Amino acid sequence: MVYLIAFLSLALLLMSLLLIYTRIHNQSPLKLFILLFFFLCNAAPLIFIVYVNQLSSLKTDFIKLSTVFLIVWLVTAAALFFGILFRFGSGKEDQFN
């Protein structure tokens, strides 16, 4: 169950970052690399903690697990907010409409 929640959280974070990338005017591979690097920097602690928690016979690491999930969810919420703001906030005509 924890793997599913982690996967869905990271998928939502990736979609939020890609939504921001679609609104960047001068899209370049470097900017995409920076967004993917930001994603990996946020995903690595979550993947590590979930993996260690599943290997551990003691289930007392819930504070660490919940803290990492909280951080990932806060970053995801902020990225989604800014992605929606950039996507629908400008008055210019969008190429996807």
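Quick note: numbers below take in every heavy atom, side chains included, and nothing from hydrogens, waters or symmetry partners. None of these values were measured; they are calculated from a predicted model.
Nearest heavy-atom pair, Ile84 versus Leu19, reported as atom, atom and distance to 0.1 Å: N-CD2, 3.9 Å. Closest approach of Cys41 to Pro45, counting heavy atoms only: O-CD, 3.2 Å. Considering every non-hydrogen atom in both Lys31 and Asn26, the closest pair reads NZ-O, 3.0 Å.
With sequence neighbours excluded, the residues that form a side-chain contact (heavy atoms from CB on, under 4.5 Å) with Tyr3 are Val50, Gln54. Residues meeting the side chain to side chain donor-acceptor pair (under 3.5 Å) test with Ser9, sequence neighbours left out: Trp73. Under the side-chain contact (heavy atoms from CB on, under 4.5 Å) criterion, Leu12 pairs with Met15, Ser16, Thr76, not counting sequence neighbours. For Leu30, the side-chain contact (heavy atoms from CB on, under 4.5 Å) partners at least two apart in sequence or on another chain are Ser28, Ile34.
Taken from CD in Gln27 to OG1 in Thr22, the straight-line distance is 7.0 Å, to the nearest 0.5 Å. Separation of atoms CG (Leu46) and CZ (Phe69) is listed at 4.5 Å; rounding is to 0.5 Å.
One hydrophobic cluster, built from ILVMFWY side chains closer than 4.5 Å, cannot hold both Phe7 and Leu14; they sit in different ones. Cluster membership for Val68 and Ile5, using ILVMFWY side-chain heavy atoms within less than 4.5 angstrom, is shared.
Cluster partners of Phe37: none. The rule joins Ile, Leu, Val, Met, Phe, Trp and Tyr whenever side-chain heavy atoms lie under 4.5 Å apart, and it links nothing here.
Considering only heavy atoms from C-beta on, Leu32 comes within 4.5 Å of Leu36 through its side chain. Considering only heavy atoms from C-beta on, Leu80 stays 4.5 Å or farther from Leu13 through its side chain. Annotation: side chain of Leu10 is in contact with side chain of Phe39 (closest heavy-atom distance under 4.5 Å).
Sequence neighbours left out, not one pair with a member in residues 38-52 passes side chain to side chain donor-acceptor pair (under 3.5 Å).
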